[in-house]
Amino acid sequence: MLSFRKAIAKTAAAAGIPEDEACAAVTVPRERERADLSLPCFTFAKAMRKSPAAIAAEVAAAFAPTDRLEAAEAAGPFVNFRVNRSAWAAELLERLETEGEAWGGTDAAAAEPVVVEYGSPNIAKPLLFHHLRSSVIGQALANLMRHRGHQVVSLNFLGDVGTAFGKLMVGIEELGEAKDADALNRTYVEASKLCADDPERMDRARAWAKRLEQEDAEAVRLWTEAREISLAGFRRVYDRLGVRYDKVDGEQMYVKRAQAFVERLLTQRRARVSEGAVVLDPADESLGVVVLRKSDGTTLYQTRDLVAAIDRHEQYGFASMNYVVDVAQELHFKQLFSGLEALGYAWAERCMHVAFGQVLMGGRRTATREGRGVLLEEVLDEAVRRADAIIAEKNPDLADRERVAEAVGVGAVIFSDLGTQIRRNVDFEWEQVLSFDGRTGPYLQYAHASACSILRKGGEPVRGDASLLQAAPEWELVRRMTEFPNEVERACTDREPSIVAAFLYELAREFRAYHAAGGKDRALRVLCDDDGLRAARLRLVAGVRATLRIGLELLGLEPLEEM
RNA sequence: GCCCCCUUGGCUCAAUGGAUAGAGCGACGGCCUCCGGAGCCGUAGAUGUGGGUUCGACUCCUACAGGGGGUACCA
């Protein structure tokens with residue numbers, strides 16, 4: 001908390017340390033018992049020409065208790081402070097309650113919007129488990145940045161162009177029309193098999209793709225229809241996952257512009273012909289060349305991404321453009337950004353590849369083709385089934401059971417993906433994704449539900465005296481919650497939702513322990529006999545509940561009141 | 001070949017260059033006269049190898065080993 005850091009900086013200034021430097025150096029020690037706040041003195045040693053330990057001793061000697069700081073003690077090169085915990089708790093809870101829904105946000109937002117592209121599936125294909133990652137990570141980042149005060153444009157960029165569409169058309173010609181997403185997906189899978197071992201069919205697929213590229217009326221009509229059907233299928237899953245887009249675009253909308261773009265670069269001599277293809281030399285020459293147009297005259301994903309980036313910059317003038325895409329496309333994005341730079345777009349440096357690790361099965365990459373890989377909906381359904389079975393066993397009279405099972409099952413799947421750093425590969429294991437024990441989404445939801453339960457019994461609203469919160473576990477909860485805004489900010493700047501996931505787990509764990517201790521010792525209960533203390537504890541629990549609720553929502557999990 | 005990522009208990013993961021490396025699963029042992037046991041408390045168990053930088057290294061540099069990914073006309 002800033003006011004406490006400043007108080008320490010004042011003491012440090014008395015010992016000759018610049019106030020702003022001291023303020024920045026204050027840390028929360030990893031070993032909590034050691035101190036409430038701590039000032040490591042290493043960095044001041046050079047300028048002051050004294051040993052860190054000597055500086056620490058001077059700071060401790062210069063210390064006089066204030067209404068915020070109770071004690072200071074030099075421990076080698078550190079100065080360990082004990083704060084007035086009552087004052088801290090009061091300040092934290094006051095702030096939390098004042099900020100309300102905005103708690104955890106900061107006001108450091110840029111004027112320009114932040115664009116986040118995520119999800120981006122190919123039409124005519126079902127969503128497989130590995131599609132979970134981009135969707136859920138991207139949505140969490142969009143939520144986090146919005147919470148921080150940024151204006152966010154969340155964008156789904158569909159793969160709605162190319163031979164996939166052509167194959168689908170062949171399938172429809174031979175197997176009949178597909179009325180819904182599932183039928184469309186089946187038709188596509190069948191058609192790809194047919195095309196794979198039949199050159200004639202493959203030629204027809206290419207012909208369809210060509211007709212679409214040339215905007216032949218019939219092709220466009222069929223494409224629009226198939227795209228809509230596919231999208232409806234995606235939306236069904238997105239709704240379950242809490243994935244929401246401000247805008248759904250697709251590559252097809254850039255095909256014509258991509259062609260014109262290549263022509264223009266050629267006449268301007270900024271692109272060149274190589275081996276029959278049109279290529280661009282990126283600013284960083286170690287990245288090779290960027291192919292803009294194939295020798296058969298068609299454009300590529302890369303070309304359309306270039307045009308799309310330029311278009312988005314014109315539309316939004318973004319503060320940052322975030323591509324939440326698999327790490328396998330790292331080179332693609334390096335080339336994209338470096339290509340933009342070579343073309344003189346200084347804003348290329350505001351583009352960012354938010355790369356996440358791949359989904360493996362048994363150590364191998366999931367193959368989208370041969371139907372290897374698991375359907376995302378299948379995983380969600382199984383998770384919900386298991387959640388329902390647990391409710392049937394533990395809480396059979398629960399109202400709204402279906403909705404709760406859905407939230408718990410889906411929550412487990414989402415949290416299993418957001419719980420670790422995104423760059424790690426994940427090996428898909430049913431038992432791991434579907435676990436509800438330990439460090440899981442349901443654990444967090446359960447902690448939230450417990451807090452709700454206590455507050456239902458204790459009554460609201462709560463205006464207790466925070467200075468009565470003297471017990472060690474209460475202080476731990478207060479200190480933990482104080483970190484929330486900082487953790488949200490780190491998650492945004494590092495593009496790492498797991499920072500918030502880890503924070504919430506720690507908070508939930510401390511809360512569960514606090515709660516459990518009250519089960520043994522009546523004096524430690526929130527709903528204890530002393531009216532004043534009870535009110536103070538209820539206020540603390542309300543703070544925990546609010547922090548958990550906001551955090552869960554940011555990650556895309558539903559905070560449940562009962563489960 | 002070149003480039004990028006990963007390597008921490010049996011397994012899956014944490015750890016802003018900071019003090020005694022922290023959890024979950026699994027194992028073992030406790031805890032329901034309970035404000036919700038999807039839980040709580042406890043025990044055992046880990047930084048791939050060799051150099052280097054630093055007051056201080058899981059963290060930075062370097063070499064090596066093992067694993068994964070990428071490497072112009074797929075996305």
Side-chain angles (χ1 to χ4, degrees), chain A residues 27 29-31 34-35 38 40 42 45 51-53 75-78 80 120 122 159 161-164 251 274-280 286-296 298-305 325-332 334-335 355 357-358 360 363-365 368 387 390-391 393-395 408 412 416 419-421 423-427 429 431-432 435-440 442-443 445-447 449-458 486 490 494 498 502 505-506 509 512-520 522 524-528 534 537-538 541 562-563:
Chain A
T27 61
R30 196 157 57 187
E31 288 85 28
R34 205 182 277 280
S38 172
F42 304 102
S51 76
F78 296 89
N80 290 330
S120 306
N122 292 329
V161 70
T163 49
E251 287 182 63
S274 166
E275 296 173 30
V278 177
V279 302
L280 171 71
S286 74
L287 297 174
V289 297
V290 181
V291 177
L292 297 178
R293 195 172 73 189
K294 298 190 265 184
S295 34
D296 69 2
T298 56
T299 57
L300 296 95
Y301 175 44
Q302 184 71 273
T303 327
R304 296 186 285 271
D305 247 357
V325 181
D326 187 340
V327 68
Q329 293 191 43
E330 193 159 38
L331 180 60
H332 166 87
K334 279 184 179 165
Q335 289 182 332
Q358 299 182 293
L360 309 175
R364 290 170 190 280
R365 204 179 163 184
T368 315
I390 292 175
I391 296 169
E393 183 197 332
K394 301 187 189 246
N395 199 357
V408 170
S416 78
T420 64
Q421 297 184 358
R423 70 161 171 277
R424 301 194 82 98
N425 287 345
V426 294
D427 206 342
E429 303 257 10
E431 293 315 311
Q432 207 169 309
S435 170
F436 299 157
D437 299 327
R439 196 185 191 275
T440 63
Y443 179 94
Q445 289 168 316
Y446 198 93
S450 301
C452 289
S453 172
I454 293 171
L455 287 158
R456 268 197 305 274
K457 288 206 169 75
N486 187 42
R490 278 179 59 216
D494 293 358
S498 70
Y505 175 67
E506 293 305 324
R509 204 159 58 93
R512 297 294 290 133
Y514 177 56
H515 190 191
K520 285 190 183 303
R522 228 186 146 73
L524 296 176
R525 288 188 191 182
V526 174
L527 304 177
C528 57
R534 185 170 64 237
R537 286 177 174 172
L538 279 167
V541 173
E562 287 182 272
M563 61 188 276

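The structure displayed is predicted, hence computed values, not measured ones. Worth knowing before you read on, the calculation uses all heavy atoms, side chains too, and leaves out hydrogens, waters and symmetry mates. Note on naming: letters A, B, ... go to the chains in the order of the sequence lines (proteins, then strands), and numbering restarts at 1 for each one.
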A.B. asks: Looking at K457(A), I'd like to know whether one of its side-chain N or O atoms comes within less than 4.0 Å of OP1 or OP2 on rC35(B).
C.D. replies: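 For rC35(B), neither OP1 nor OP2 has a side-chain N or O of K457(A) closer than 4.0 Å.
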
A.B. asks: Verify, without hydrogens or angle tests, whether R534(A) (side chain) and C528(A) (backbone) share a donor-acceptor contact under 3.5 angstrom.
C.D. replies: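 Yes, because the side chain of R534(A) sits within donor-acceptor range (under 3.5 Å) of the backbone of C528(A).
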
A.B. asks: Choose from rG36(B), rA23(B), rC31(B) the nucleotide whose nearest atom is closest to any side-chain atom of K520(A).
C.D. replies: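 Selected nucleotide: rC31(B).
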
A.B. asks: Report yes if at least one side-chain N or O of R304(A) is closer than 4.0 Å to OP1 or OP2 of rA75(B); otherwise report no.
C.D. replies: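 It does, given that an N or O in the side chain of R304(A) lies less than 4.0 Å from OP1 or OP2 of rA75(B).
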
A.B. asks: Taking the side chain of N122(A) as its heavy atoms from C-beta onward, which of rA19(B), rA75(B), rA38(B) lies nearest to it?
C.D. replies: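 Nucleotide nearest to N122(A)'s side chain: rA75(B).
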
A.B. asks: Within this structure, what is the CZ-to-P distance between R30(A) and rG56(B), rounded to whole angstrom?
C.D. replies: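 My rounded result for the distance is 17 Å.
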
A.B. asks: Go through N80(A) and S38(A) one step at a time and tell me if the side chain to side chain contact (heavy atoms under 4.5 Å, CB included) criterion holds.
C.D. replies: CA-CA 5 Å; N80(A) 290 330; S38(A) 172; 3.2 Å; yes

A.B. asks: Mind checking whether Y505(A) and Y443(A) have parallel, tilted or perpendicular rings, split at 30° and 60°?
C.D. replies: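 Rings of Y505(A) and Y443(A): tilted, 30 to 60°.
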
A.B. asks: As an exercise, state the distance from CZ of R537(A) to CZ of R525(A), rounded to the nearest 0.5 Å.
C.D. replies: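 Between R537(A) CZ and R525(A) CZ, I get 11.0 Å after rounding to 0.5 Å.
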
A.B. asks: If you round to the nearest 0.5 Å, how far is SG of C452(A) from OH of Y446(A)?
C.D. replies: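 Rounded to the nearest 0.5 Å, the OH-SG separation comes out at 12.5 Å.
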
A.B. asks: Would you indicate which nucleotide in rA38(B), rC35(B), rA72(B) comes nearest to any side-chain atom of V408(A)?
C.D. replies: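 Between rA38(B), rC35(B), rA72(B), the one nearest the side chain of V408(A) would be rA38(B).
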
A.B. asks: Could you tell me how far apart L360(A) (CG) and rG69(B) (P) are, to the nearest whole angstrom?
C.D. replies: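 Result: 7 Å.
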
A.B. asks: Any idea which of rA19(B), rG69(B), rC35(B) is nearest the A75(A) side chain?
C.D. replies: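 When the side chain of A75(A) is considered, rA19(B) is the closest of rA19(B), rG69(B), rC35(B).
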
A.B. asks: In whole angstrom, give me the gap between the C1' atoms of rG50(B) and rA14(B).
C.D. replies: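 Taking atom C1' in both rG50(B) and rA14(B), they lie 27 Å apart.
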
A.B. asks: Could you check rC32(B) for me: syn (within 90° of 0) or anti?
C.D. replies: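 With its glycosidic angle within 90° of zero, rC32(B) counts as syn.
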
A.B. asks: Please report the interatomic distance CG(D326(A)) to NE2(H332(A)), rounded to the nearest 0.5 Å.
C.D. replies: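 These two atoms lie 11.5 Å from each other.
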
A.B. asks: Using the P atoms only, state how far rG42(B) lies from rG10(B), rounded to an integer number of Å.
C.D. replies: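 Straight-line distance between the two P atoms is 22 Å.
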
A.B. asks: Using the six-membered base ring of rG18(B), report whether F78(A) stacks on it, requiring centroids under 5.5 Å and planes under 30° apart.
C.D. replies: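 So F78(A) does not count as stacking on the base.
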
A.B. asks: Taking only the P atom of each, what is the distance from rC13(B) to rA19(B) in whole angstrom?
C.D. replies: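 rC13(B) and rA19(B) have their P atoms separated by 24 Å.
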
A.B. asks: Report each atom pair, protein N/O against N/O of nucleotides 10-13 of chain B, whose distance is under 3.5 angstrom.
C.D. replies:
{"unit_1": "rU12(B)", "atom_1": "O2'", "unit_2": "Q432(A)", "atom_2": "NE2", "d": "3.2"}

A.B. asks: State which of rC40(B), rG24(B), rC6(B) makes the closest approach to the side chain of R423(A).
C.D. replies: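 Among rC40(B), rG24(B), rC6(B), the one nearest the side chain of R423(A) is rC6(B).
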
A.B. asks: For L287(A), does its backbone N or O pair with a side-chain atom of Q335(A) as donor and acceptor, under 3.5 Å?
C.D. replies: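 Yes: the side chain of Q335(A) pairs with the backbone of L287(A).
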
A.B. asks: Please give, in whole Å, the distance from rC35(B) P to R534(A) CZ?
C.D. replies: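 Going from CZ in R534(A) over to P in rC35(B) covers 14 Å.
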
A.B. asks: Which nucleotide wins on minimum distance to the side chain of V279(A), given the candidates rA72(B), rU16(B), rA19(B)?
C.D. replies: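 For the V279(A) side chain, the nearest candidate turns out to be rA72(B).
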
A.B. asks: With distance as the sole criterion, do the side chain of E275(A) and the base of rA72(B) form a donor-acceptor contact below 3.5 Å?
C.D. replies: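 Such a pair is found, so the answer is yes.
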
A.B. asks: Does the side chain of Y446(A) get closer than 4.0 angstrom to OP1 or OP2 of rA38(B) through an N or O atom?
C.D. replies: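 So the side-chain polar atoms of Y446(A) do come within 4.0 Å of the phosphate oxygens OP1 or OP2 of rA38(B), strictly under.
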
A.B. asks: Working to the nearest 0.5 Å, report the span between OG1 of T27(A) and CZ of F78(A).
C.D. replies: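 Reported to 0.5 Å precision, the distance equals 7.0 Å.
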
A.B. asks: Which of the following nucleotides, rA38(B), rA23(B), rU20(B), is nearest to the side chain of E31(A)?
C.D. replies: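 Side chain of E31(A) sits closest to rU20(B).
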
A.B. asks: Just name whichever nucleotide pairs with rC11(B), Watson-Crick or G-U, keeping both distances under 3.5 Å, else none.
C.D. replies: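 Per the H-bond distance test, rG24(B).
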
A.B. asks: Between rC11(B) and rG51(B), how far is it from one C1' atom to the other, in whole Å?
C.D. replies: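 Those two atoms are separated by 32 Å.
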
A.B. asks: Rounded to the Å, how far apart are L287(A) CG and rC3(B) C1'?
C.D. replies: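 Result: 9 Å.
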
A.B. asks: I want to verify a distance call: between rG36(B), rA19(B), rG39(B), whose nearest atom is closest to the P29(A) side chain?
C.D. replies: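 Nearest listed nucleotide: rA19(B).
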
A.B. asks: With nearest nucleotides of RNA chain B determined for Q329(A) and P52(A) from heavy-atom distances, which residue corresponds to the more 5′ nucleotide?
C.D. replies: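 Comparing both residues, the 5'-ward one is P52(A).
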
A.B. asks: For the C1' atoms, the ones on rC40(B) and on rC3(B), what distance do you get once it is rounded to whole angstrom?
C.D. replies: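 That atom pair is separated by 49 Å.
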
A.B. asks: Can you check the distance between rA15(B) and rC6(B), where both ends of the measurement are the P atom (answer in whole Å)?
C.D. replies: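 Straight-line distance between the two P atoms is 12 Å.
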
A.B. asks: If I pick the C1' atom on rU49(B) and the same atom on rG66(B), what distance separates them, to the nearest angstrom?
C.D. replies: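 Result for the C1' pair: 11 Å, nearest Å.
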
A.B. asks: Starting at atom CD of Q358(A), determine the distance to atom C1' of rG67(B), rounded to an integer number of angstrom.
C.D. replies: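 Nearest whole value for this atom pair: 13 Å.
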
A.B. asks: How many whole angstroms separate atom CD1 of I391(A) from atom P of rG36(B)?
C.D. replies: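 Going from CD1 in I391(A) over to P in rG36(B) covers 17 Å.
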
A.B. asks: Is the base of rC55(B) stacked against the aromatic ring of F42(A), taking ring centres under 5.5 Å apart and planes under 30° as the test?
C.D. replies: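 Per 5.5 Å and 30° rule: yes, stacked.
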
A.B. asks: Which nucleotide in the set rC4(B), rG39(B), rA38(B) lies at the smallest distance from any side-chain heavy atom of R512(A)?
C.D. replies: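 Looking only at side-chain atoms, R512(A) lies closest to rG39(B).
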
A.B. asks: Measure from the side-chain N and O atoms of N425(A) to the backbone N and O of Q358(A), and report whether any donor-acceptor pair falls under 3.5 Å.
C.D. replies: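 Flag set: sc N425(A) to bb Q358(A) pair under 3.5 Å.
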
A.B. asks: Using the C1' atom in both, what is the distance from rA44(B) to rA23(B), to the nearest Å?
C.D. replies: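 Taking atom C1' in both rA44(B) and rA23(B), they lie 16 Å apart.
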
A.B. asks: Answer yes if the side chains of R304(A) and T299(A) hold a donor-acceptor pair under 3.5 Å, and no otherwise.
C.D. replies: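 Their side chains do contain a donor-acceptor pair, which is all the 3.5 Å distance test asks for.
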
A.B. asks: Taking the side chain of A513(A) as its heavy atoms from C-beta onward, which of rG69(B), rA38(B), rC41(B) lies nearest to it?
C.D. replies: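 Given the options rG69(B), rA38(B), rC41(B), the side chain of A513(A) is closest to rC41(B).
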
